[in-house]
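In what follows, a single structure is set out as structure tokens and then discussed.
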Amino acid sequence: MKLLLVEDQAELAKSVKMYFMAEGDVCEVAPTFAKAVEKLYAFQYDVMLLDLMLPDGNGMDLLESVRTNWPGLGVIIISAKNALDDKLKGLELGADDYLPKPFHLAELNARSKAVYRRRKEGGQKGIGFNEIQINLETREVAVNEKILDLTRKEYDLLHYIIVNQKRLLTKQAIAEHLWGDYMDTADSFDFVYQHIKNVRKKIVEAGGKDYIKTVYGVGYKLKEEE
Amino acid sequence: MNLIVRITIIFVVVSLVVFAIGGVISFNIMMGEVQYEQRRFLEERLDRVENMIERRAPEDTIRWAKMIVYPLADIQAEKMVFSDTLVLHAQLGRIEPHLRLDAIKNHNNRSYAISLYDVIIEEDDIRDGLNTSLITMYLILLGAVLIIGLVASYFILRPFNLTLAQIKTFSLKDPNNGMILPKSGVSEFKRLNRFLHEMTEKVRSDYRSLKEFSENASHEFQTPIAIIQTKLEVLLNNDRLSMEEVEQLSAIQRATRRLSNMSNALALLTKIENNEFSEASDVAISKLLLNLLEEFKELFELKGLKLSSTLSEDVHLNSNEVLIELMFTNLINNAIRHNWEGGSVSVVLNESTFTITNTGNPLHVDPSELFRRFKKSNQSDQSMGLGLAIVKKICDFNGYTIEYRFAEEKHTVQITFRPSKQSV
């Protein structure tokens, strides 16, 4: 996946770039409107991560231009302005998603992958980790070809973990992915724990291995058994 | 009581006192004048009688109209005495009080007694006349004062009343509604209007900058928070970290998220205050609530809460959908958060009210404080203490009333959208 990050905050851009590079993705940074246009003309990208407040212009204008000139490019708006108007306007202008700052990199990663897959013709219909396979179209999870009976949230959880495999996902990041901003209580961590417990149980019952590791009680990581 | 009426009443009372005192003074002065004139009149007649005696001294008693002159047998000292007497009035045919002058005059070594009298102007007549004229004048004055009062309150106070009307409609939130203060020639009103104009402009610009500040601040906070958060996540994915380090980083991550949520919530409160959610539409709240409860279903289950809901069908509100959804979300969220493991939640919706009841520990704060910002029953709680403040703000914004009760270990929050039909 080739990403173009249009973001004037250098430190933020650096972290995002590092995160995606570790994944094996290509992520280039354009700190200004002009640089972004330059790069768009010079290279081919799959997904653009667009900050709306740029030093030399408005991200919305860039979005409009992208929709006309690069219709196949996926766009995710990342904005510090958590305003409904901006979100609606952005989606109306053809953005694929809207993610308010601050965000978890795991969330940005999951959404970028989703946009990438949706945009790419003949792209993968599924993702997986060893014997665990997710069919993105039917939203079904199979372990050794045996379909698991998962609730919607359990599916979302497992999908999130597999998209962000080999990375540490804190309970905080998982809770926000599952319930959004409003779940900011201590309760939510218990809920995450219970969901994880159920998902693990269902995978093991279907004959799969328990790849979801607990990391020091603060989060989880999907990795090969050692 | 308005100013003009008050001034008029004071004027009327004071002028009544002035008229009463003035009446007494006028009466006394007039009586004095009348008496003086009458005496002078009798004295002049006495002079004429004296002249007559000098020309031709009477030998006998002479009786003319209102005059008796007769010579005395012996010589007496000259004197002059005024007295009152009652005499039959010739024309009126009744006895009337008269003023009488008795004098003794000497001429050619003879003394003559002279008595003169004349009908006097009576005190009663003067008093009656004075009373009639003063009362008439007082009534005219009263009428004039009332008319002037009415006219003055309309014309003179018109600029003042227009100014008042302008102040009444003044709204900080409406940037187009500048105060158009009426022109007035009265310097007090000019000063008032100038002062008001300056004050409202100042308030407006302060308000504008405060509003801009709170909105910008909350946006500006998000960028550094985003940097912290992404850096933390990069750090957390370092495999060489010890358990302690991971725990600390995770705690920083949680605190960072709270900071961000808090700033968002404050921005939201500011936005509601700034009327940025005035866009209203028809919101089908029965359906909305049903969907929300479905969404929260697993959370009820995870905490082992028993949910009972009685929702009237087809309840609609005309309001901002985002705000209404936020209001319900916050209330349901609260009912789950401040509940016991295995407790219960009941939700009731009808045409005019929404009631949510949940089991839970009693509050540690005054219930009236509950809807204030950052008021939490348990200060160590992870929650922000802004949820109910937002609910309250949304209720205020829409003109709903919100009530809180606690009885038998159950918290109840009730929102009344509109007065119930029975009470209308």
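Heavy-atom basis, side chains included; hydrogens, waters and symmetry copies ignored.
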Report which part of [X] has an atom under 4.5 Å of a heavy atom belonging to chain A: side chain, backbone, both, or neither.
| X | result |
| --- | --- |
| B:E298 | side chain |
| B:S242 | backbone |
| B:L241 | backbone |

Proximal component of A:K171, with respect to chain B [non-hydrogen, under 4.5 Å]:
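Answer is neither: A:K171 stays 4.5 Å or more from chain B.
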Could you tell me which portion of A:A22 (side chain, backbone, both or neither) has an atom closer than 4.5 angstrom to a non-hydrogen atom of chain B?
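Neither the backbone nor the side chain of A:A22 comes within 4.5 Å of chain B.
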Going by salt bridge (Lys or Arg N to Asp or Glu O under 4.0 Å), name the residues that satisfy it together with A:K17, two or more places apart in sequence or in a different chain.
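Result, salt bridge (Lys or Arg N to Asp or Glu O under 4.0 Å) vs A:K17: none returned.
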What residue in A:V218, A:L12, A:L105 has the most heavy-atom pairs under 4.5 Å with chain B?
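Answer, by heavy-atom pair count under 4.5 Å with chain B: A:L105.
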Give the member of A:R167, A:H104, A:R152, A:H195 that has the highest number of heavy-atom pairs under 4.5 Å with chain B.
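Answer, by heavy-atom pair count under 4.5 Å with chain B: A:H104.
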Fit a plane to each ring of A:Y45 and A:F43, take the angle between them on a 0 to 90° scale, and name the class: parallel (under 30°), tilted (30 to 60°) or perpendicular (over 60°).
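Aromatic pair A:Y45/A:F43 classed perpendicular.
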Counting N and O atoms only, with roles assigned by atom type, does the side chain of B:E295 sit under 3.5 Å from a partner on the main chain of B:L292, one being a donor and the other an acceptor?
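A pair under 3.5 Å: no.
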My understanding is that only residues two or more places apart in sequence, or in another chain, count here; which of them pass ring-ring contact (aromatic ring centres under 6.0 Å, His included) with B:H411?
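B:H411 satisfies ring-ring contact (aromatic ring centres under 6.0 Å, His included) with B:Y404, B:F406 once adjacent residues are dropped.
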Closest contact, heavy atoms only, B:V283 versus B:N320
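Here B:V283 and B:N320 meet closest at CG2-C, 4.4 Å.
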